[in-house]
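Notes follow the structure.
Quick note: numbers below take in every heavy atom, side chains included, and nothing from hydrogens, waters or symmetry partners. Whatever order the structure lists ligands and atoms in, that order sets their numbers, starting from 1.
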Amino acid sequence: MAILTKKVRGTEDVLPKDSYRWQFVEDIMRKESSAFGYKEIRTPVFEHTKLFSRGVGETTDVVQKEMYTFDTKGGESITLRPEGTAGAARALLEHAIYNDGLPVKASYFVSCYRYEKPQAGRLREFHQFGLECYGTSNPAADAELICAAKSIFDRLQVKNLRLELNSIGCPECRKKYHEALKEYFETYKGELCETCLGRLDRNPMRILDCKSPVCSKIADNAPKVLDFLCDECADHFEKVKAFLDKAQVEYVVNPTIVRGLDYYTKTVFEFVSTDIGAQATVCGGGRYDGLIEELGGQHMPSLGFALGIERLLMLLDAQGIEIEKPATCDIYFASMGENAQAKAFELTQLVRSASLYAECDVVGRGLRAQMKYADKIGAKFSIVIGDNEIEENKAKLKDMESGEQRDITLGDEFLTQFYDALFDKQNPDGLKI
Ligand code: ATP
Ligand code: MG
């Protein structure tokens with residue numbers, strides 16, 4: 001029979017056999033970001049469309065081409081979040097979280113939705129881990145945020161990741177820079193792609209981000225934003241770099257990074273790898289001093305980054321980085337007959353109550369098939385329970401690897417005796433305590 005339907009183009013399933021890889025990186029993200037003082041925020045998968053059109057920026061590709069927007073039955077325009085920052089900022093304002101003291105440091109795991117052309121490292125549903133830090137304009141915060149991202153990559157032992165850094169200044173510097181860019185790109189009007197022609201008036205900086213080879217070649221010689229920074233922005237950038245030097249974080253200044261979202265000011269950065277093909281940016285972020293005001297709040301300089309989890313996993317794969325496999329089953333209780341199955345069930349629950357991993361037959365298989373299954377799930381120990389064992393309240397505990405057997409009581413003493421066996425197995429030369 002043919003299956004009813006397959007997954008939607010640009011989406012992926014994470015299967016039970018692979019989910020440990022996600023959990024492994026997510027655990028590290030949680031631990032590292034906690035060490036930097038971040039607490040998790042969870043926001044809805046959809047928001048009012050205007051949050052993104054305003055928060056992400058009308059002139060961005062995300063808003064112009066990539067959003068999943070629909071009208072509800074009630075006639076409201078709703079959008080599946082294309083990124084995590086706007087929702088977190090909305091929640092900050094709605095719950096006045098800033099009253100709890102500044103800076104507010106929030107982390108998030110989100111699924112994101114963008115109608116893009118699916119390819120390696122580019123999906124229509126993808127996942128991000130991100131950090132948001134609200135209420136500080138100090139350059140130490142920029143460096144601290146970058147250090148937090150770096151600590152995740154370090155903990156994962158990722159190699160050859162380049163940190164590219166730039167400053168795109170404040171709206172004042174940007175005004176002058178836009179004029180210079182416009183003047184420069186006007187001379188190439190005949191060669192620019194159609195999208196970039198549109199960008200010329202509205203937001204010429206976007207042209208620097210164009211993926212078309214012609215536009216990007218023209219963009220190579222465009223004026224550089226760093227030459228247009230006002231004194232304050234230039235000083236801020238110098239201090240960010242000085243803090244990074246202090247933390248011994250290596251970076252390269254790349255004056256062409258502008259980032260894909262409109263809300264950025266001053267610091268922008270990307271972690272880039274050459275090991276995962278064309279979609280090389282694993283993590284991108286920066287400062288967005290105007291965003292909170294844009295969403296109706298007070299002036300609240302803020303910053304953050306988003307890290308693409310699929311791209312990170314691709315990178316770990318490409319670099320052959322080992323991911324801790326999930327724990328295998330501690331003990332499998334095989335049984336023969338109904339009474340024995342009931343006893344196995346009871347003992348399995350007992351072992352689980354001690355937070356150990358135990359299994360018994362819940363399929364109704366014969367003994368041979370049960371033992372085959374115990375092997376398949378990599379059980380460390382097994383016990384076969386039949387009428388005799390129940391009568392004597394005793395059974396043989398078998399080490400599945402060595403084949404060694406020892407007697408074990410099935411009553412109150414069971415857990416203590418099983419702990420002993422586990423301890424001996426895990427510490428073959430260890431002293432008994
Ligand atoms: P790109 O230039 O690759 O399109 P972007 O500038 O649109 O990236 P951001 O909006 O800053 O990316 O998102 C942060 C991170 O999320 C990216 O660095 C990337 O790792 C990941 N990401 C973005 N879009 C996708 C996608 N369509 N599929 C998978 N991961 C993505
Ligand atoms: Mg993009």
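- At a heavy-atom cutoff of 4.0 Å, ligand 1 is contacted by no atom of Leu312, backbone or side chain.
- Look at Glu76 and Lys50 and you find no salt bridge, because none of the NZ, NE, NH1 or NH2 atoms lies under 4.0 Å from a carboxylate O.
- In this structure, Trp22 and His127 have perpendicular ring planes: the angle between them is above 60°, well past the 30° mark.
- Contact annotation: Arg122 has at least one heavy atom less than 4.0 Å from an atom of ligand 1.
- The residues Asp317 and Arg21 are annotated as salt-bridged, a charged nitrogen and a carboxylate oxygen being separated by less than 4.0 angstrom.
- Close contacts of ligand 1 with Ala306, meaning ligand atoms under 4.0 Å from a residue heavy atom, involve 14 (C), 15 (C).
- Atoms of ligand 1 lying under 4.0 Å from at least one heavy atom of Leu123, given by number and element, are 26 (C), 27 (N), 28 (N), 29 (C).
- Using the six-membered ring where Trp is involved, Phe129 and Phe109 have ring planes that are tilted, between 30° and 60° apart.
- A distance of 6.0 Å or more separates the ring centres of Phe381 and Tyr332.
- Lys425 and Glu401 are joined by a salt bridge, as a carboxylate oxygen and a charged side-chain nitrogen come within less than 4.0 angstrom of each other.
- For atom 8 (O) of ligand 1, the choice among Met314, Glu125, Arg311 with the nearest heavy atom turns out to be Arg311.
- Here the shortest heavy-atom distance to atom 10 (O) of ligand 1, taken over Glu116, Glu310, Arg114, belongs to Arg114.
- Shown in contact with Val282 at under 4.0 Å from a heavy atom are these atoms of ligand 1, numbered in order with element: 18 (O), 20 (O).
- Ring orientation note: the planes of Phe269 and Phe271 are nearly perpendicular, at an angle over 60° on the 30°/60° scale.
- Counting heavy atoms closer than 4.0 Å to ligand 1, residue Arg259 contributes side-chain atoms (C-beta onward) but none from N, CA, C or O.
- Proximity to Lys211 (heavy-atom distance under 4.0 Å) selects the following atoms of ligand 1: 2 (O).
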